[in-house]
K.L.:
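The structure that follows is given in the form of structure tokens.
Residue numbers run from 1 in the order of the sequence given. When reading the values below, keep in mind they use all heavy atoms of this one structure, side chains included, and skip hydrogens, waters and symmetry mates.
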Amino acid sequence: MAFDFATPVERRSPEGDYASQKWHRYAASVLPLWVADMDFRSPPAVIDALHARVEHGVYGYGEVPDTLTETLCQWSARHYDWAIQPDWQQWLPGVVPALHFAAMALTEPGDGVLTIAPIYPPFLAVAKRTGRLAQQAMLAEPTSPGEPWQLDIDALEAAITPQTRLLLWCHPHNPTGRVWSDHELAKLATVVERHDLWVVSDELHCDLLLDEGTHHRPLAAMFPELAKRTITLWAPSKTFNLAGLTSACAVIPDAALRKRFAEATKGFLPDGNVLGLVAAEAAYREGEPWRQALLAVLRDHRATLQARVALWPGVTMSEPESTYLAWLDMREAGLGDSPAQALLERAGVALSDGAAFGSPGFVRLNFGTTASQLEAALARMDMLLKA
């Protein structure tokens, strides 16, 4: 079956009918390559399932169906070689709320919540929002242009204090696109055990590994000794472009930990989004052909972007190994302290500002768009950056 990833989809309505953050935040003249959603229609199987549920006409309080939990079990076994159970699953409206609930469930006010920057901005806000102590380590920057970012285990160890109780981990990594090596993950597991930390492993981008033949292994599956102290977060939102349907899952093997997490959510969350649950089940059950076609498109777009960056003096990029996000170092591009602002004002292209991720001078570029829209944005950037 052929899928259309080439035809642009109108996402900006003058009346705001399409309610797209990505396309409505900036003026109509701006091309947005910032927030992490794609400009592609979701899989036909998802759209069909949503049509059928909408036609039912009754949208009362819902519950997580057994068919969904079983479908996620099958997905996990097939794609990650991890035999999870239905009762390990805690479905909730989004990964970001799960980060905050985990902090409330597993730590006390004043305890340390450790993040490793650069990192997806909500990670950096969890401690402050929950009355915890914000702690931070940094990844090791590439030693030469094009080399990957690395986990700096010494920096991680140095950031841990007696107050540290929770590590927020991102696997694969947003924004650098790193797929962590087994060696890096083994070192991480050792540190977690040694310091008796809880771990939230945000694996939101795990179904978008770009290199052919690669497969995701959840942290808790690779190191079973960590399962009793780990909350794994998954969602169909990035893979199948369903972010607006707010449906995610916390996978928690340990019964006591699962109870603590569930208790922390009571009174703070609505019942399940019935359309989000329907979409999630359809995506995991029937979306694999679409996902494979998407990965081929994203590989092509990554290659296009790599070739373009090579022409921009003072700009470097480590090849993203996963997802549709690229992390560009623009500190030597001559655009001042805020390259993202310069690109917005002078080229009409909206990118995510690296300062929000803990790394000023960098930008995050979303290449999950049509080839024509990507080319239009890169052509604008050429005029500002190309020698």
K.L.:
Do you see a donor-acceptor pair shorter than 3.5 Å between the side chains of N174 and W327?
P.N.:
no
K.L.:
Indicate whether any N or O donor in one side chain lies under 3.5 Å from an N or O acceptor in the other, for E288 and Q292.
P.N.:
yes
K.L.:
Please say whether more than 12 non-hydrogen atoms of neighbouring residues, nucleotides or ligands are located less than 6.0 Å from CD in E63.
P.N.:
no
K.L.:
Check whether R165 reaches the backbone of D196 with its side chain - one donor and one acceptor, N or O, closer than 3.5 Å.
P.N.:
yes
K.L.:
Does F268, at its CZ atom, have more than 12 non-hydrogen atoms belonging to other residues, nucleotides or ligands within less than 6.0 Å?
P.N.:
no
K.L.:
Whether the side chain of S42 engages the backbone of F240 through a donor-acceptor N/O pair (distance < 3.5 Å, no angle test) should be reported.
P.N.:
yes
K.L.:
Step by step, would you call E157 with H195 a side chain to side chain contact (heavy atoms under 4.5 Å, CB included)?
P.N.:
CA-CA 9 Å; E157 287 267 20; H195 293 279; 2.8 Å; yes
K.L.:
Please confirm whether the backbone N or O of G348 pairs with a side-chain atom of R380, one donor and one acceptor, at under 3.5 Å?
P.N.:
yes
K.L.:
Has R41 got more than 12 heavy atoms of other residues, nucleotides or ligands less than 6.0 Å from its CZ?
P.N.:
no
K.L.:
If you count the non-hydrogen atoms of other residues, nucleotides and ligands that lie under 6.0 Å from CD in E332, is the total more than 12?
P.N.:
no
K.L.:
Tell me if a side-chain donor or acceptor on D353 pairs with a main-chain N or O of A340 at a distance below 3.5 Å.
P.N.:
no
K.L.:
Is there a salt bridge (Lys or Arg N to Asp or Glu O under 4.0 Å) between R302 and D211 once you walk through the steps?
P.N.:
CA-CA 11 Å; R302 177 180 64 175; D211 296 333; 3.1 Å; yes
K.L.:
Treating H79 as the side-chain partner and H216 as the backbone partner, does any N or O pair qualify as donor plus acceptor under 3.5 Å?
P.N.:
no
K.L.:
From L166 CG over to L133 CG, what is the distance, rounded to the nearest 0.5 angstrom?
P.N.:
12.0 Å
K.L.:
Can a donor-acceptor pair be found, under 3.5 Å and without considering hydrogens, that links the side chain of Q89 to the backbone of T69?
P.N.:
yes
K.L.:
Ignoring hydrogens and geometry, is there a side-chain-to-backbone donor-acceptor pair from T265 to A262 under 3.5 Å?
P.N.:
yes
K.L.:
May I ask you to decide if D37's main-chain N or O and K22's side chain share a donor-acceptor pair within less than 3.5 Å?
P.N.:
yes
K.L.:
For residues 119-143, pull every pair meeting salt bridge (charged side-chain N to carboxylate O under 4.0 Å, His left out), keeping only residues two or more places apart or in separate chains.
P.N.:
E141-R331
K.L.:
Is there a ring pair (Phe, Tyr, Trp, His ring centres under 6.0 Å) between W234 and Y80 once you walk through the steps?
P.N.:
CA-CA 12 Å; W234 292 338; Y80 317 140; 4.9 Å; yes
K.L.:
Between CH2 of W23 and CG of D39, what distance do you get to the nearest 0.5 Å?
P.N.:
5.5 Å
K.L.:
When you measure from the side chain of S76 to the backbone of W82, do you find a donor-acceptor pair of N or O atoms at a distance under 3.5 Å?
P.N.:
yes
K.L.:
Are there more than 12 heavy atoms of other residues, nucleotides or ligands under 6.0 Å from atom CD of Q306?
P.N.:
yes
K.L.:
Would you compute the distance between atom CG of L233 and atom CG of L204 and round it to the nearest 0.5 angstrom?
P.N.:
8.5 Å
K.L.:
Is there a donor-acceptor pair under 3.5 Å between the side chain of H56 and the backbone N or O of A52?
P.N.:
no
K.L.:
F367 vs D300, test: side chain to side chain contact (heavy atoms under 4.5 Å, CB included). Steps then yes/no.
P.N.:
CA-CA 10 Å; F367 56 90; D300 287 345; over 6 Å; no
K.L.:
How about CD on E212, more than 12 heavy atoms from neighbouring residues, nucleotides or ligands closer than 6.0 Å, or not?
P.N.:
no
